[in-house]
Structures are given as structure tokens and as C-alpha cells.
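Here the structure is a predicted model, which is why all the values come from computation and not from measurement. Computed over heavy atoms, backbone and side chain alike; hydrogens, waters and symmetry mates excluded.
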Amino acid sequence: SISVPDDLRLPSNANFPITQAEKLIRELNLFPKDAHATPTPPSGDSGTGPRIVEKRFG
Amino acid sequence: FPDLAAQSGIPADELGHHAGYYRLSHTHDARMFYLFFESRNSKKDPVVIWLTGGPGCSSELAVFYENGPFTIANNLSLVWNDYGWDKVSNLLFVDQPTGTGFSYSSDKRDLRHNENGVSNDLYDFMQEFFSEHPQLAKNDFFITGESYAGHYIPAFASRVHQGNKNKEGIHINLKGFAIGNGLTDPAIQYKAYTDYALEMGIIQESDYRRINKYIPPCELAINLCGTTGSAACVASYLVCNTIFNSIMGIAGKTNYYDIRKQCEGSLCYDFSNMEKFLNLKSVRDDLGVGDIEFISCSPTVYQAMLTDWMRNLEVGIPALIEDGINLLVYAGEYDLICNWLGNSRWVHAMEWSGQEAFTSLPAIPFVVDEEEAGQLKSYGSLSFLKVHDAGHMVPMDQPKVALEMLKRWMQGKLAEDSPQPSDLAADM
């Protein structure tokens, strides 16, 4: 048996977020279900040309 | 925004408001959306970039509810903000990391998981921005933001400083960085939750003793996470958030961003006007965002950054302030989640050449309009301000004070009455 110092001993009713942890562990290896669908780039954005496209708005 | 131009009395084409996309270097297909508001005062004013936290919350939240040039009325018209930070700066709002607000990528690999990725993206963006606006490149540059940006800001400031030292690209005239109600040093800030909650009457003494039992395992887990961990950092996130969740279990529907209020909706505030406004076709056309879906706070980005949450970002700060780059840490006094006590503690615990002098200084009143608006400590490059009568979003709750704070800080006049290193040296 391992001796646990008193200041590291948790209350008997310690309640860690097990459900949250399980959810996260499942999600971290998968892309989350609520991810965006592949977006459509704004018109005129072909992925080539200048890196910055800026417009002045009124 | 034609209504706005009519109100201002300035023709719309003279307002100098810009929206853009930056195609990120070092990504597969990522685009970063930004808004740029030229100063209402002078093009020679400093360039200020504001980073919203989350992680994954859009910068438009700050534009419309905090320090942007205008706010949204219930009828979805825009109203000038008399205390917008564009009154004293050329102001940039960036939707970052990728997946936030209007920023997007068609490739899932472009999601960012740590401050390395975030700060490199921001640095690359600034290089491109200054290429596009060379007349601004010589202006002073300040990095500001709030909440989880307490992580982004030191990382980005370090990246800029390193880029300057290595003579990479365009020199960026970095003068300072300011963190508002931020999360920077989790080990210290998570320990402060129970002290703050007890002090503010959110929990009782017996709750305090019980919840404090989670502090040692939280500290242990954070140590295992360190500054570069991954799985251990997620574990520490879960363990340490038990402290916060236990407090909220007692606080009920209290708004953890402002304990004087009740939490309304998923973000604790009603931001629905902004969502409606940004989905108007006329606005989307004006901003050039096409059909990109706007998300106020993205759960995808939040989850992608979970390994980053408990990392200590204080470690890079001493090197910056030793090199004369100014740091302002400020906090509204009624915020629980990134409370002033935890922020004050990490600022005081930070090891740098001025630490002893800073800690021994008494706080002085920060006065705006002949009224005490906060309590200030300032020494050398470091300042800490506790802001009265404000929660997590200081520029929303105290717009005039926040603008005055920014203005004085950028001018080096935040604490004109405080002793400075040269004064103390003279005394010795």
C-alpha cells in the first residue's frame, strides 16, 4: 500500500467530472461532430494571388 | 454601414473602416478574418491589436460590446461608441485561432492546438498587414486582449520580439502588451478561486475547506503539464476545473463573468443582436464574408485548444519586461473566472529584476474624472490595475475608464506619481 500524505488525500465524496472526461477522451481523437461543414470561400477568393485581401466598407 | 456614416456627419468613404481575409502561411487552406478601424484621431496613433479569448470566441464580440467604434441598438442600427479604442489608436480585431468567428479553413488539419501555432499565425498576419499598410509600420504597436488571450498575448508578444531580434521581415515597433482579466498562470490562478469566492461571499467557510482539498491534486497535475505537456494538460484541466465547478455548484446561476449578475444564455450575456446583425445579407456583403457561417464562440476551437489551457504562459514575460516592453495587467473586480486576486498574485510572484520594488509598492488610486476608478501599482515596465465596478469585460462595464487606461498607458503616463527605477536608484 502507498502512504498518501494528508494534504493530498481527497474527501471520500470527491466527485471528479468522469462523464466530462469520457466525453473529451472520445472527442479528442475524432473531429467533433459540431465542426463546420467545409466552407465555401467568399467569391473572388481562389486560394491563389495575394495573401491579404482587404476591402474598405462604408 | 450607411446609417452610421449619417450619424457621424462624416462621409462613409472617409471613415477608414476595412475588412479583410488573410490567407495564412504555413497552413493547408486557412483564412483569417479581421476588421481594421483607422484612428478617428490621427493615422500616426499607435496600432493596437485586440485579441478576444474563449478560446474560440470571435473578435466581433469586442467590436460591438466592448471597445469597437460602435455598438448595436435593439433595432440593429449602429450607434457610435464615444469610448471606442479607435479614438486613440489604429485598431485591429482578428478572428483567431482558425475556426473562430468568420475565420475558416476547408482543411481540418489547420486547427491550432497550442500557442506556437497561434502566435506564428498572428506574426505572419502582422507582417502581411504592415506590407499592405506600410505607412503604419513605423507606428508604435501594442498587443491587447482579454480572458483566454492571457495565453495568446504573452506568446504573441514573445514572437514579435523574437522576430525583431532576429531581423525577420518588417520590424514591428512593439512597445507593450496588456492583459485584461486573463488566464496566464493557471497554477496560481486556480488556487485563488476559493479565496476570491470566500472573500466575495459566494461560498462559506465549510465549502472553502472542502473545495480546497482539490488544490494539491490540481497543483500536481499542473506541474505534470508544465509548459509543453499534452495529455497531462488535459488531465490537469479536468482536475483543476473541479475547483471552479464546485464553486459554481454553490453559486448556482450567478454570472461567473460578473458575480453581481445572473447568467443568461450559453455565454452568460445576451449577444443575439450581434448574431442577427452579422447574418444580415447587407452586412455580409459589405464585409465580404460570403456564406461563411458566423459562430460567436466555437466549441471546435475550444476543444482543439484544451491541451494548451493549463500551460503557464507567464514564463516568457520577464524577458520582455526586462527588455523594456511594457506590460499592463488589469482586472475588473467582480469577475470570478479570471479574478483580480489570481491575476494580482501571479503578477506579484513573477521573478524579474524589479520584483522586490514592485511588491513593496503600495497601490495608489487610479483617478478618472476626479473619481477613484481603480487601484494601481506600477514600477518600471510593469503595471497592475484593479478596476472598480467592472466584471470580466472592463471596456463594456467601464468604457470611459478603459479608454483612459489605454491612452495613459500607451503614453507612459499611467502612474505619473509612482516611484520609478531611476527615483529609487537616486534614493539609494
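- Within a 6.0 Å radius of CD in Q204(B), other residues, nucleotides and ligands contribute 12 heavy atoms or fewer.
- Between the side chain of R51(A) and the backbone N or O of Y22(B) there is no donor-acceptor pair closer than 3.5 Å.
- If you take NZ on K55(A) and OH on Y21(B), they are separated by 11.5 Å, rounding to the nearest 0.5 Å.
- For E132(B), the part lying under 4.5 angstrom from a heavy atom of chain A is the side chain only.
- Minimum interatomic distance between E54(A) and F129(B) (heavy atoms only, all atoms of both residues): OE1-CE1, 4.1 Å.
- Between H17(B) and F57(A), the ring-plane angle classifies as tilted under the 30° and 60° cut-offs.
- Closest heavy-atom contact between I52(A) and F125(B): CD1-CE1, 4.1 Å.
- For S25(B), the parts lying under 4.5 angstrom from a heavy atom of chain A are both the backbone and the side chain.
- Between chain A and the options M32(B), R284(B), H133(B), heavy-atom pairs under 4.5 Å are most frequent for H133(B).
- Neither the backbone nor the side chain of I215(B) comes within contact range of chain A; no heavy atoms are under 4.5 Å apart.
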